[in-house]
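Right, one structure below, let's go through it.
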Amino acid sequence: MPPVTTGSQRRLLAGWSGGERKSGCWGESFPAGMRSSIPGLGRVMVFLTAALASASFAIPEDWGEEGVQYGQLGTDVTLPCPGVHASSPVQWRRAGAMALPEGSAMQQGSLVLPRASLAFMGTYSCHGEDGGLLHTVSLRLGHLPGVPFVSCRASDYENFSCSWTSSVETFLPTRYITTYRKKSLTGEEKRRNKNGHVGLCLQDPSHPGTCTVHRSEFWSSYRLNITEVNPLGFSYRLLDVTMQAIIKPDPPEGLVVEPIPLAPRRLHVSWKYPSSWPKEPHFQLRFRLQYRPVIHRSWSVVETVNLSEVITDAFTGLEHVVQVSAKDFLDAGNWSEWSAEARATPVRDLASTASEETTTDARLESLAEEPSQAPNPEPINRSDPLEKMAVLVSLGIFAFFILAAVLVITILIWLRVRKHGKDKTKPNFLVAATHLRALPSESGCRVRNGGECGAGNAEHGAGQCLQCPA
C-alpha cells in the first residue's frame, strides 16, 4: 500500500524541489519578522533544517503506523480510496459509528470532511459496491507547529545547553531539529568550513527538550536554530547566544556549617566548587553566602572569593540556616541557584549572665515579630582588601591636607609677628634722626651780609643761634 501524504506535505516538498517557498504550511510556519531577519549565512541553517525536515516528510511511516493520515484542524480533509476508479461506486464507513460526520461528502471516490475537528478522528474504511473492503485509514488531526520558546544556559565555559517548549499544542507527534553556527569566524575557520560551521546541537534522549553544544568558545557568539517538525509542517526560532551572557554555574557543593568552640556567636562555613566547573586558574568563581536564624525570615548576605567564611554575628543557642551560590569571578552571566540548605547551632556561652540571656531573648522576639524582608540586593563585603586599601588611602590624603593647613597657618603667623616687630623699631629711629637734624651747628650762624656773630651771641639763648643784626 503506498504511503499517504497530505496536500500540504506535497506542496512543501514541491516548494523545496523548486527552490522557492510555496503556500500551505509555509505561511504559518515562518513569521514575517523572522523570515526577514535571516541574512547571509543564517539562511544556511534554515536550508539545512528544511532538508532534514523534508527527508522526514518523505517517509510518513516514521510518524506512526502504516495507514495513518494526518490532517489540519479547521480545514477540509480529504480521505482517498486508492485503487478505485473515479466513476466506481464507493461506500465509506466509520468504525464505531453508525454514520459519517455531519457535512461529509464524496467526490470521485474520496471522502471530504469539512472543517475537521477533533471529533472527526477515528478509523475510516471504503468499500466496493458489493461491500468488500478496499481501504482502511486512521485519521489524526492537529495543528501546525508554533514557534518554540527557547532559552540557553552555560554551566561552565566549555559547553552550553538549550531547552525549549512548544508554543502550540498540536495533538500530533513532534520532532525537533537543533543546529547552530559560530557567528564570527577567523580566516582559517572560513576556509576550513565552507558552510559557515553549521553543526548539530546534540539532543539527549534521557532529557527531552534539551540539546548541548560541546567545546564552545567562551568569547564567541553563536546562532541557534531550534526547528519544531510534525507531519503537517515545521516552524523554527533563531536565537543569538553570547557565552558571557548565559554563563550560570551550578550551585556550590559540599556545604558544611559547624559551630566554633568557645565562640558563642560564630559559625564556620565551608563549601566546594561545583563539579561541573573546570578548575582552571583563569576562570575562577566568587561566592555569595546567605544565613539567618530559623525563627527569622530575613537573610543576611556576605560575598567572598574564598571557599570558607566565618559568621561572626550569629545568635547564641539558635539554629541557623545557611546557603551559598556562585558566579563568574569577572561578573559575567548570572548567579547560580542557591545550594541546598545546611544548618548548625552556635555553642552556648556558659559564662553568660541571666541578664544577657534576657536581653538576647527580647531582641529575638522583636525580630520574629518584624514583617518578612527581602534579602539585601547589595551584599555586604566584609573581607574585600580593595575596600580596606581605599580607606587607608583616604585617611592618608586627609592627614596630608591637615598637615599642609597647619604648616600654612604657622608660616602666616610667623610672617605677621615679624612684620609687627619691624613696625615697632621704625618710629624710634625717625625721632632720633629728627632730633639730630634740629641741633645748631658748632661753627656759628651765617650772617646776612657775610659776617659772623660773636661767640657770645652764638651761645645766647641756651645753645640757640640768634639772628645777627643786619
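Just so you know, residue 1 is the first one in the sequence shown, and it goes up from there. Any value given below was found using the heavy atoms of this structure, including those in side chains, with hydrogens, waters and symmetry copies removed. Everything numeric in this text was worked out from a predicted model, so none of it was measured.
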Q) Do you know which of T170, L144, V168, T165 makes side-chain contact (heavy atoms from CB on, under 4.5 Å) with E228? A) T170
Q. Under the 3.5 angstrom rule, does the side chain of S339 hit a backbone N or O of V324 as a donor-acceptor pair?
A. yes
Q. Are side-chain heavy atoms of L118 and F171 found at a separation under 4.5 Å?
A. yes
(Q) Less than 4.5 Å apart, side chain to side chain, heavy atoms only: is that true for F287 and Y273? (A) yes
Q: Could you tell me whether a side-chain N or O of R223 sits under 3.5 Å from a main-chain N or O of Y180, the two making a donor and an acceptor?
A: no
Q) To the nearest 0.5 Å, how far apart are CD in Q69 and CG in L79? A) 5.0 Å
Q: Sorted by first residue and then second, give each side chain to side chain donor-acceptor pair (under 3.5 Å) pair with at least one member in residues 98-118; sequence neighbours left out.
A: none
Q. Which distance, rounded to the nearest 0.5 Å, do you find between the OG1 of T75 and the NE2 of H143?
A. 10.5 Å
Q. Heavy-atom distance under 4.5 Å between the side chains of S216 and E158, does that happen here?
A. no
Q) So, for K182 and E217, which heavy atoms are closest and what is the spacing to 0.1 Å? A) NZ-OE1, 2.7 Å
Q: For residues I247 and F218, determine if any side-chain heavy atom of one lies less than 4.5 Å from a side-chain heavy atom of the other.
A: yes
Q. Taking all atoms of both residues into account, what is the closest heavy-atom pair of L255 and V322, and its distance?
A. CD2-O, 3.5 Å
**Q.** S275 vs E253, side chain to side chain donor-acceptor pair (under 3.5 Å): CA-CA, chis, key distance, verdict
**A.** CA-CA 8 Å; S275 57; E253 302 172 357; 3.0 Å; yes
Q | Worked verdict on I260 versus V310 for side-chain contact (heavy atoms from CB on, under 4.5 Å) | A | CA-CA 9 Å; I260 300 177; V310 175; 3.9 Å; yes
Q: Take V68 and R140, measure what side-chain contact (heavy atoms from CB on, under 4.5 Å) needs, and give me the verdict at the end.
A: CA-CA 7 Å; V68 176; R140 294 193 61 181; 4.1 Å; yes
Q. Does the salt bridge (charged side-chain N to carboxylate O under 4.0 Å, His left out) test come out yes or no for E319 and R343, once each step is laid out?
A. CA-CA 7 Å; E319 186 179 36; R343 300 191 176 197; 3.7 Å; yes
Q. Relative to each other, are the rings of F160 and Y222 parallel, tilted or perpendicular (30° and 60° limits)?
A. tilted
Q | Neighbour count >12 (heavy atoms, 6.0 Å) for atom CZ, R266 | A | no
Q) So does L262 have more than 12 non-hydrogen atoms from other groups sitting under 6.0 Å from CG? A) no
Q) Does any non-hydrogen side-chain atom of Y236 lie less than 4.5 Å from one of I226? A) no
Q.
Measuring from atom CG of L289 to atom OG1 of T304, what distance do you get when rounded to the nearest 0.5 angstrom?
A. 8.5 Å
Q) Run the side chain to side chain donor-acceptor pair (under 3.5 Å) check on S125 and H127 step by step: do they pass? A) CA-CA 7 Å; S125 59; H127 302 262; 2.9 Å; yes
Q. If we ignore angles and hydrogens, is there a donor and acceptor under 3.5 Å between the side chains of S308 and N306?
A. no
Q | SG-SG under 2.5 Å, C162 vs C211 | A | no
Q.
side-chain contact (heavy atoms from CB on, under 4.5 Å), that's the test. Do Y124 and L113 meet it? Break it down for me.
A. CA-CA 11 Å; Y124 294 81; L113 304 175; 3.9 Å; yes
(Q) Measuring only between side-chain heavy atoms, which start at C-beta, is V321 closer than 4.5 Å to V257? (A) no
Q: Taking all non-hydrogen atoms of both residues into account, name the closest pair between L141 and A116 and its distance.
A: CD1-CB, 3.7 Å
Q) Roughly how far apart are Q203 CD and I177 CD1, rounded to 0.5 Å? A) 9.0 Å
Q) Passes side-chain contact (heavy atoms from CB on, under 4.5 Å), V302 versus E309? Steps please. A) CA-CA 9 Å; V302 178; E309 185 72 18; 4.0 Å; yes
Q: Give a yes or no answer on whether the side chain of T316 reaches the backbone of P264 with a donor-acceptor pair at less than 3.5 Å.
A: yes
Q. What heavy-atom pair brings P145 and F234 nearest, and what distance separates the two atoms?
A. CG-CA, 3.8 Å
Q) How many angstroms lie between CE in M243 and CH2 in W219, if you round to the nearest 0.5 Å? A) 10.5 Å
Q) With side chains defined as the heavy atoms from C-beta onward, is the minimum distance between Y70 and L172 less than 4.5 Å? A) yes
Q.
If I compare all heavy atoms of D313 with all of R265, which pair ends up nearest, and what's the gap?
A. O-NH2, 3.3 Å
Q: For residues P274 and L285, report the shortest heavy-atom separation together with the two atoms involved.
A: CD-CD1, 3.8 Å
Q: Might you confirm whether atom CD of E337 has over 12 heavy atoms from other residues, nucleotides or ligands at distances under 6.0 Å?
A: no
Q) In this structure, are over 12 heavy atoms from other groups packed under 6.0 Å from H207 atom NE2? A) no
**Q.** Row check, W164 ring normal vs R237 NZ/CZ: under 6.0 Å, within 45°
**A.** no
Q: Would you mind reporting whether I311 and H320 have side-chain heavy atoms less than 4.5 Å apart?
A: no
Q) How many angstroms lie between atom CD of Q91 and atom CG of D130, to the nearest 0.5 angstrom? A) 9.0 Å
Q) Side chains of S276 and D156: donor-acceptor distance under 3.5 Å anywhere? A) no
Q: Check the pair R286 / D331 against salt bridge (charged side-chain N to carboxylate O under 4.0 Å, His left out), numbers first and verdict last.
A: CA-CA 9 Å; R286 59 190 180 101; D331 205 33; 2.5 Å; yes
Q.
For T227 and N225: C-alpha separation, side-chain torsions, deciding distance, then whether side chain to side chain donor-acceptor pair (under 3.5 Å) applies.
A. CA-CA 6 Å; T227 301; N225 183 347; 2.9 Å; yes
